[in-house]
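Notes to accompany the following structure.
Only a predicted model underlies this, so the values are computations on that prediction, with no experimental measurement involved. The basis for the numbers below is simple: all heavy atoms, side chains too, and nothing from hydrogens, waters or symmetry mates. Labels below follow one simple rule: chain letters A, B, ... track the order of the sequence lines, proteins then strands, and each chain is numbered from 1.
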Amino acid sequence: MEPRPILVAVAWPYANGLQHLGHIGGAYLPADIFARYHRARGNDVLMVSGSDAHGTPITVRADQEGVDPIDIVNRYHPEFLRQWDTLGISFDLFTTTMTENHHDVTRSIFNRLRERGYIDLRTTEQMYDPEAERFLPDRYVEGTCPHCGYPRARGDQCENCGRTLDPIDLINPVSRVSGATPVLRETEHFFLLLSKLEPELLAWLESREGWRRHVINWSLQFVKDGLHDRAITRDLTWGVRLPDDELGEGKRIYVWFDAVIGYLSASIEWAQRSGDPEAWRRWWEGPEPESYYFVGKDNIPFHTVIWPAILLGHGDLDLPTNVPANQYVTFKGEKASKSAGVGRSVLEYLEVVQPDALRYALASVLPEQNDTELTDDEIVRRVNDELVAVWGNLVNRVLSMIGRNFDGVVPEPADPQAADTELVATVDRALDEVAASIEAVELRAALRAAMSAAQAANAYLSDNEPWKVVKNDPARAGTVLHHALQAVAGVNVALSPYIPFASASVAEALGVPSGEGWARTEIPAGRRLGALAPLFSKLDSPLFGDDT
RNA sequence: GGCGGCGUAGCUCAGUUGGUGAGAGCGUUCGACUCAUAAUCGAGAGGUCGUCGGUUCGAGUCCGACCGCCGCUACCA
């Protein structure tokens, strides 16, 4: 089978704080599992993402600390890299939107859409602070909410009643920058003509197959309700400059236009680094490439509507194959949140939980259909009662029996019985089942299928009792262990996208390649097995003492 | 308010186009085993499928209303 080019695009995190388990379970872990599977299968995977440097939360944070936005990004970007490395999230490139390349690519997309008539220049009115001599983003204007009377409502939304606002509706508006009363003033901005792209977009969405129900229904309705043209520039000094600074130094391309372009610019950067600057085209042009965008549910419209609109406007680049958006991992019923302080950072968890164990616990509760609740006790339970009990124990009991009774050398499969070959066949079927589920981005179901195969191997051992048989019939015991070992080898492949570190250890002990090929490798009789310590440690509850 | 999703065993979740007595993992009870990190294997118990109404020979599955939770609502991305 020809290798398929598969783009694994993962949401760009704001570089304004550490990440929590909700982020990982929502996007990064599923993307990594998907990517590892496809690499093993022999497909050409390009997995990219990066730190979003231009998001509003970053400028807000920088304002609070009185530092430059770039300082905030430079503080957290290396932490992200460390986090990916520790957790085994295998990006081909994790860059930032601060690179010269990204800015150039963004401008070239801008120019292309403008040439093709999908971007135009319009004059609008906007709040202006006469004292600070600058235009104000909506959220920088404060005043009394016209709906509920809350005195400190922001220009974009009232925190008290939750209604969306327009800053000109605020009573007694005040600039948060200087305290002055803002005035309306004319300003020029570029608009993306979403209304013009609407029919094409709708036709494309209606032709999608295999998308998650909540993703496709929401997207279709969003477009059917009618798309408005959106301003893609802002009165800012932080962000991608316009070509030739056309509107002056104080106008920048706004983050929601440039951030999604990061998928493309990162692909191009990866190609440049790889020594073949045109290599990115393999994942972006023509009918071959498949692209999967792993994002959280709050990010759906940007990946099912706005990014596809930009790509349609460009004309020569491929639209997403699927956007398997996840719902949320919640903690005690609450969505994890950097700003609200709900949920510990991933790096804190990694101090007390092995990366594979954390990956397993998260993978078993991925919020593919619903918000899913995950507590520390649940992590302990998943690891101790499932991962250690079923898989860690299976590997350990098989290897230690071969070690004790056969001197660590794989015994001969003398005179195999139906049960022996059936076990191995069951594992091979499980590999197909896992593959089919992962292809459909049903990663929880795939994990369950892999674990079921491990349980079948445990049941096989119980039925055939090699520890008892060995006393009177060593040849039969050897046959059973030989087949149990083949099952271990197969299940290890099925689990490899989920627990890559442990999987590599097992592969090494068995003397087989790791992460290459989606099939069981036969372990020949006579091979001496490597030593292997227990794969996982049991966890104690509570994970973090009793302070939370 | 509008749009979308969700509400199924103690817990976390599956349930294709409506159809034999509603499922899985874990927990729990009983039994087996003792090679293995007191791990494993087998059997059982456990649910008026959010509420009410409707369509149908038949609905967890379709329709309506209501309750609750989540997301979006175009200046968070």
Looking only at atom [atom1], what distance separates [N] and [M], rounded to whole Å?
{"N": "B:U16", "M": "B:G23", "atom1": "P", "answer": "15 Å"}
{"N": "B:U8", "M": "B:C13", "atom1": "P", "answer": "9 Å"}
{"N": "B:A24", "M": "B:A9", "atom1": "P", "answer": "14 Å"}
{"N": "B:C69", "M": "B:U29", "atom1": "C1'", "answer": "34 Å"}
{"N": "B:C11", "M": "B:U20", "atom1": "C1'", "answer": "31 Å"}
{"N": "B:C72", "M": "B:C76", "atom1": "C1'", "answer": "12 Å"}
{"N": "B:C41", "M": "B:G27", "atom1": "P", "answer": "11 Å"}
{"N": "B:C67", "M": "B:U28", "atom1": "P", "answer": "40 Å"}

Report the residues that fulfil ring-ring contact (aromatic ring centres under 6.0 Å, His included) with [X], sequence neighbours left out, ordered by chain and then residue number.
{"X": "A:W218", "value": "A:F222"}
{"X": "A:F94", "value": "A:H77, A:W84, A:F91"}
{"X": "A:H103", "value": "A:H54"}
{"X": "A:Y460", "value": "none"}

* To do: Return the set of residues passing side chain to side chain contact (heavy atoms under 4.5 Å, CB included) with A:D120 (not counting sequence neighbours), or none when no residue passes.
  => A:R122, A:F191, A:L193
* **Residues which pass side chain to side chain contact (heavy atoms under 4.5 Å, CB included) with A:D385, listed by chain and number, not counting sequence neighbours** => A:R381
* To do: Can you run through RNA chain B from 5' to 3' and write each base as (, ), [, ], | or . depending on how it pairs? Watson-Crick or G-U wobble, both distances under 3.5 Å.
  => (((((((..((((.....[...)))).(((((.......))))).....(((((..]....))))))))))))....
* To do: Report the C-alpha distance between A:Q221 and A:D225 in whole Å, list the side-chain angles of each, state the deciding distance to 0.1 Å, and finish with yes or no for side chain to side chain donor-acceptor pair (under 3.5 Å).
  => CA-CA 6 Å; A:Q221 198 57 45; A:D225 285 347; 3.1 Å; yes
Separation of [X] atom [atom1] from [N] atom [atom2], in whole Å?
{"X": "A:L362", "N": "B:U12", "atom1": "CG", "atom2": "P", "answer": "16 Å"}
{"X": "A:D377", "N": "B:G27", "atom1": "CG", "atom2": "P", "answer": "14 Å"}
{"X": "A:R212", "N": "B:C6", "atom1": "CZ", "atom2": "P", "answer": "13 Å"}
{"X": "A:Q369", "N": "B:C6", "atom1": "CD", "atom2": "C1'", "answer": "10 Å"}
{"X": "A:L447", "N": "B:A24", "atom1": "CG", "atom2": "P", "answer": "18 Å"}
{"X": "A:R213", "N": "B:A14", "atom1": "CZ", "atom2": "P", "answer": "10 Å"}
{"X": "A:F331", "N": "B:C70", "atom1": "CZ", "atom2": "C1'", "answer": "15 Å"}
{"X": "A:E368", "N": "B:C70", "atom1": "CD", "atom2": "C1'", "answer": "17 Å"}

* Establish, yes or no, whether the cationic atom of A:R230 lies under 6.0 Å from the six-membered ring centre of A:F190 and within 45° of the ring axis. => no
* To do: Cation-pi check, A:R234 to A:Y254: give yes when NZ or CZ is under 6.0 Å from the six-membered ring centre and within 45° of the ring axis, no otherwise.
  => yes
* Asked: Is any NZ, NE, NH1 or NH2 atom of the basic residue among A:R429 and A:E433 found under 4.0 Å from an Asp or Glu carboxylate oxygen of the other?
  -> no
* Would A:K251 and A:D235 count as a side chain to side chain contact (heavy atoms under 4.5 Å, CB included) if you check the C-alpha gap in whole Å, the side-chain angles of each, and the deciding distance to 0.1 Å? -> CA-CA 5 Å; A:K251 305 264 189 193; A:D235 296 283; 2.7 Å; yes
Provide a list of protein-nucleic acid N or O atom pairs under 3.5 angstrom, restricted to nucleotides 65-68 of chain B.
none

* Structure fact -> Checking A:L113, A:L311, A:L312 against A:L197 for side-chain contact (heavy atoms from CB on, under 4.5 Å), the one that qualifies is A:L312
For residues 394-401 of chain A, dump all side-chain donor-acceptor pairs below 3.5 Å to protein atoms at least two apart in sequence or in another chain.
| from | atom 1 | to | atom 2 | distance (Å) |
| --- | --- | --- | --- | --- |
| A:R397 | NH1 | A:N458 | OD1 | 2.8 |
| A:S400 | OG | A:N396 | O | 2.8 |
| A:S400 | OG | A:R397 | O | 3.4 |

* Under the salt bridge (Lys or Arg N to Asp or Glu O under 4.0 Å) test, residues paired with A:E125 that sit two or more places apart -> none
* Considering just the side-chain nitrogens and oxygens of A:T372, establish if one lies under 4.0 Å of OP1 or OP2 belonging to B:C13. => yes
* Base-contact (B) and sugar-phosphate-only (S) positions in nucleotides 71-77 of chain B, heavy-atom cut-off under 4.0 Å, - elsewhere -> BS-BBBB
* Structure fact -> Protein-proximity profile, nucleotides 31-40 of chain B, B/S/- by nucleotide at the 4.0 Å heavy-atom cutoff, equals --SSBBB-SS
* **Criterion ring pair (Phe, Tyr, Trp, His ring centres under 6.0 Å) on A:Y263 and A:Y293, from CA distance to verdict** => CA-CA 9 Å; A:Y263 299 117; A:Y293 291 74; 5.0 Å; yes
